[in-house]
2 protein chains.
Amino acid sequence: MFVKLGCMRKSADEAQQTRERIVAAGVMQSSVEGLFGLTLGPLAESLGMSKAGVVGPFGNREGLQLEVVRQAADMFTAAVIEPSATTADGLPRLRALIDAWCEYLEASPFPNGCFVTAASCELDGRPGPLRDAMHDVVSRWRGFLREHITIAQAAGDLRGDPDDLVSILNGAAMSANQEIQLLGDHAAAKHARRIMHACIAQLQP
Amino acid sequence: MFVKLGCMRKSADEAQQTRERIVAAGVMQSSVEGLFGLTLGPLAESLGMSKAGVVGPFGNREGLQLEVVRQAADMFTAAVIEPSATTADGLPRLRALIDAWCEYLEASPFPNGCFVTAASCELDGRPGPLRDAMHDVVSRWRGFLREHITIAQAAGDLRGDPDDLVSILNGAAMSANQEIQLLGDHAAAKHARRIMHACIAQLQP
DNA sequence: CCTACCGATCGGTAGG
DNA sequence: CCTACCGATCGGTAGG
């Protein structure tokens, strides 16, 4: 029984590791080819697996795509939000978020820049679970930004309309992502960082 | 000979009209499904034509995709640039461009919002003629914006760094497009318009 | 601009 | 997690 339990646990761990390997490779492929360019054949080949082995743990392709979106959102959180976890809420945290955000735009954990921006554009006109998932990811990130803006305002550290600042900061990041990925502007991340901090500075009392 | 010329001209006109019908339908399909979601079967069916008839005038699928990109760029120009053609260069033109731009974001000639933003995200990691074409479209539009910013500055109507303003305005438009298309925020276009004009106003001497 | 067809690849499944 | 297979669809072409 001990042996059997050990074996089962080991199998479950291995199965979980396999799932993670598949999702990780799926994130990489989706970053370049899009979520609808995530095809099972090439994904299986890149992993040295069969198509059935790749799609099995997720039921079908859409199940895998959903896990890819979730994993990409986790990677965004790890890169942009977590580094400032111990920074004081409000304006200090906002400044730390800007720095991590622009660092993320420049040295992206994805091969093709901001996965969230790319998936937002790809999915915004295609109703379904994938679009719903991206809607959640984007609106939670914007809500998180807005929360720290309002905290900064309550502390008397910031003026202006919170939604304006959310749109400006978010827009600066999207524009920088275009400058880096499409236009090949290597200075764009630092440029965006300077712009974002200037917007904040301008709104201080 | 006159008859023959007449017939040839009529045929050429009809062929041209067919090309335009195909490209127009291709723009609609690409706006929702992406340029790599532009498939010949469904496109042909939506036109009541055969696949061969749809792809023939363009050689192959990529030739059609290129024409779709060109046509979408023309539609952007017609909606955003042309309405201000008779407005004075510099700050007046810049203000008119902002108004038309936000109107374009709200009442888009495409079924799925800004085609330029969507295609930029879809193509930025996929080298080839399509990416090159989008690079051209985006850098020419940004250059046009920058030109009128520098004219306004030379006239003493505007302060600040031109590239900063290009990125901020462009970013505000991309963020508004996300708010409209993904988040369903019907006020986003007017919000962006107010933000853009406020940025301009803030940079006046 | 059509029909009829090509090989390749798609997502998915049966069975082990 | 594999092999072997399914029907459907892909882009493209020959011939008219």
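The figures that follow rest on heavy atoms only: side chains count, while hydrogens, waters and symmetry mates do not. Lettering follows sequence order; numbering is per chain, from 1.
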The side chain of [X] lies closest to which of these nucleotides: [options]?
X: B:Asn60; options: D:dG12, C:dG12, C:dT3; value: D:dG12
X: B:Lys51; options: D:dG11, D:dC2, C:dC1; value: D:dG11
X: B:Ser50; options: C:dC1, D:dG12, C:dG11; value: C:dC1
X: B:Thr18; options: D:dT13, C:dG11, C:dC1; value: C:dC1
X: B:Pro42; options: D:dC1, D:dG11, D:dC10; value: D:dC10
X: A:Thr39; options: C:dC10, D:dC2, C:dC1; value: C:dC10

Between [X] (side chain only) and [Y] (backbone N and O only), is there a donor and an acceptor less than 3.5 Å apart?
X: B:Glu33; Y: B:Leu38; answer: no
X: B:Ser120; Y: B:Val116; answer: no
X: B:Thr117; Y: B:Cys114; answer: no

Which base sits across from D:dG15 as a Watson-Crick or G-U pair, both distances under 3.5 Å? C:dC2

Going by purine N1 to pyrimidine N3 plus the second Watson-Crick contact, or the G-U wobble pair, all under 3.5 Å, which nucleotide sits opposite D:dC10? C:dG7

I need the [atom1]-[atom2] distance between [X] and [N], as an integer number of Å.
X: A:Asp13; N: D:dC1; atom1: CG; atom2: C1'; result: 17 Å
X: A:Met49; N: D:dC2; atom1: CE; atom2: C1'; result: 10 Å
X: B:Leu40; N: D:dG12; atom1: CG; atom2: P; result: 7 Å
X: B:Phe58; N: D:dG11; atom1: CZ; atom2: P; result: 15 Å
X: A:Leu43; N: D:dC1; atom1: CG; atom2: C1'; result: 14 Å
X: A:Gln65; N: C:dC10; atom1: CD; atom2: P; result: 14 Å
X: B:Arg61; N: D:dC10; atom1: CZ; atom2: C1'; result: 9 Å
X: B:Glu33; N: D:dC10; atom1: CD; atom2: P; result: 11 Å

Regarding A:Leu38, tell me which of base, sugar-phosphate or nothing describes its non-hydrogen contacts under 4.0 Å with the strands shown. sugar-phosphate

Give A:Gly48 one of three labels, base, sugar-phosphate or nothing, depending on what nucleic acid heavy atoms sit under 4.0 Å from its own. sugar-phosphate

Relative to A:Phe36, does A:Arg61 satisfy both conditions: NZ or CZ under 6.0 angstrom from the six-membered ring centre, and within 45 degrees of the ring's axis? no

Flag for A:Gln178-B:Arg142: side-chain donor and acceptor within less than 3.5 Å: yes

